[in-house]
2 protein chains.
Amino acid sequence: MSGKDSSTATPTPRPRQTRSIRTRARLLEAAASVVRADGVTGMTLERVAETAGVSKGGLLYHFGSKRELVLAMVDETLASAGDDLEQLAARDPGPGAFARAYLDYVRSGERSESDEAASVFAAATLEPDGLASAGATFGAWQERLRTDDGVDDTVALLARVVGDGLWLIDLFGLAPPDQAGRAAVCDLVTSMLDSAEQ
Amino acid sequence: MSGKDSSTATPTPRPRQTRSIRTRARLLEAAASVVRADGVTGMTLERVAETAGVSKGGLLYHFGSKRELVLAMVDETLASAGDDLEQLAARDPGPGAFARAYLDYVRSGERSESDEAASVFAAATLEPDGLASAGATFGAWQERLRTDDGVDDTVALLARVVGDGLWLIDLFGLAPPDQAGRAAVCDLVTSMLDSAEQ
DNA sequence: GAAACTGTACCGTCCGGACGGTTTCTTATT
DNA sequence: AATAAGAAACCGTCCGGACGGTACAGTTTC
C-alpha cells in the first residue's frame, strides 16, 4: 500500500501509538498476503499472526475477532483506493476530473495493489455482508461522479462502469486485456468525457 | 423437493434414468443456495447435502471432494451463461452480433441467475485457482468478440469491459446503477458498435 | 504504570473425507 | 419369464484434526 499520508504528518510524533498502528498495518498486510498465497480457507488467525511476526494473542488484541479483521481489510483497502483517487483528481482541474482519475487509476493495470485488493475482496466473501461497506463506497463514488463533474450523466456512468469493470477484471484475473487495449479504451472514454461536457 | 405424486396405479411413474444427473444438478443448485444464505464459510458438505435432500455420502459419490464441487459450480455457471450468450447472438445476424448479445445480457440487470452466479463466484474463492477456468472462459469470449465481429477492436473491447463491469457490479452488489442508467450506457455502446463497423 | 504485546494451555465445535453397508437399476443367462 | 449377477446410486456413521475464540499470567516498551 502506498500514499497513505493524506495530510501533513503530526509535528509531534507519537511513539506510543506508532508501534500499535504499525503492527496493525502489518497484520492487515499479512492477512492479504496469506489469502493470496493460500486462498481464503488458508487464512487462519494463527497463520496471519505468524506471517506478521505477531502472536495470536497479539492479533486478537488488535482485532477482537476474525470478522473484525476481515471488515477492517475491506475498509482499509477501499480507503486507500479512495485516497489515491482523490489525489489523482486533485491535480486535474476542470470538469470531469474525478471521472478521468477513475479511468487513470485503472489504465495501466499495475499489478502490485491489484493483487492485494483481490485478496481482500476474496476475504470479504467470508462474511455474508462483508461487501456491504464496499457497496456503500462504490455508491458514493458514483454519486461523486454524477454530481461533482460537469459531464453528461450517461457518459459519467460509462466511465464508472468501465473503471469498475477493468478493476474487477484485474482483481479476479478474468483474462485482463493487454496494456494497449486498456489504454485505448480508457482514451476513448476520456475523449467522450471531454466532448460531452455541458 | 417432493413433486406431484398423481400416479395411482402405475408403480413406475418416473423414468429413473436421469436420476444421477438430476441429483447432481440438485446438489449444484443447493450448494449455490447455501452459499447465498450462509456465506462461503457456511457451505459445508453436510449442509449442501441436506439442502439437496441427499446424504453426505451421496454427495461425495458425485463429487469426490469439496474442491470438485466448487469447480463444478464454476464450470456449470459459466457454461450456462455461455449458452445464453450464444442463443442471444444467434438470433441477431450481422456484424457485432456477439458484442450486442454481450450487452443485452446485462442490460436489464434483472437476471435471477445473477444471485446464483454471485454465490458461485464467492465459492470459487475457496480454492486458490478456483477462478482459473473462469479466466479462460472470459478470455475465449474476448477473443470471440475481437475476431468474430466486424467491429473496431477498441469498441469491441469497450463492449466487453462494460458488459463484464455491469455483470460484476451486479454480482457483488457494488451499488448497481438504476435501470435507466444501465440501459442508456448499453445503448450508447451499442450505437458505437453499429457506427464503428468496418 | 499503562499500553502493547508474548506464550501457552485449553475448550467446544465442526469439517472433510473414508468406509462399509444398502437399495435400485441394468444386463446376461437360462 | 425368471433370476442371478453386478454395477450404479446412495445411506449413515465415525474419526483425526484444525479452527476460532477464551483466559490469563508474564514481559517489554514508553
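Below, chains carry the letters A, B, ... as their sequence lines are ordered, and counting in each starts from 1.
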Quiz prompt | Non-neighbouring partners of B:T41 that pass side-chain hydrogen bond (donor to acceptor under 3.5 Å, both in side chains), sequence neighbours left out | solution = none
Quiz item: Taking OP1 and OP2 of D:dC10, is either one under 4.0 Å from a side-chain nitrogen or oxygen of B:T23?
Solution: yes
Exercise. Take atom CZ of A:F63 and atom C1' of C:dC5, then tell me their distance rounded to the nearest Å.
Key: 14 Å
Quiz item: Excluding sequence neighbours, so at least two apart, what forms side-chain contact (heavy atoms from CB on, under 4.5 Å) with B:T190?
Solution: B:R100, B:L103, B:R107, B:D194
Exercise. Work out how much the helix from C:dG1-D:dC30 to C:dT30-D:dA1 bends between its end axes, five pairs an end, to the nearest 10 degrees.
Key: 20°
Quiz item: Excluding sequence neighbours, so at least two apart, what forms salt bridge (charged side-chain N to carboxylate O under 4.0 Å, His left out) with B:E143?
Solution: B:R146
Self-check item: Ion pair check, B:D187 and B:R182, cut-off under 4.0 Å
Solution: no
Self-check item: Distance test, side-chain N/O of B:H62 to OP1/OP2 of D:dC10, below 4.0 Å
Solution: yes
Quiz item: What is the ring orientation for B:F172 with B:F121, classed by angle as parallel under 30°, tilted 30 to 60°, or perpendicular over 60°?
Solution: perpendicular
Quiz prompt | Partner set under ring-ring contact (aromatic ring centres under 6.0 Å, His included) for A:Y61, not counting sequence neighbours | solution = none
Self-check item: Pairwise side-chain contact, A:Y102 with A:R160, heavy-atom cut-off 4.5 Å (strictly under)
Solution: yes
Exercise. Return the value, rounded to whole Å, for the distance between atom CZ of B:R22 and atom C1' of D:dA8.
Key: 17 Å
Self-check item: Presence of A:Y61 side-chain N/O under 4.0 Å of C:dC5 phosphate oxygens OP1/OP2
Solution: no
Report all interatomic pairs (protein N or O, nucleotide N or O of nucleotides 19-22 of chain D) with separations under 3.5 Å.
from	atom 1	to	atom 2	distance (Å)
D:dG20	OP1	A:K66	NZ	2.5
D:dG20	OP2	A:L45	N	3.1
D:dG20	N7	A:K56	NZ	3.4
D:dG21	OP2	A:K66	N	2.8
D:dG21	N7	A:K56	NZ	2.8
D:dG21	O6	A:K56	NZ	3.0

Self-check item: salt bridge (Lys or Arg N to Asp or Glu O under 4.0 Å) between A:E86 and A:R144, intermediate numbers included
Solution: CA-CA 11 Å; A:E86 291 295 347; A:R144 179 127 158 56; 2.9 Å; yes
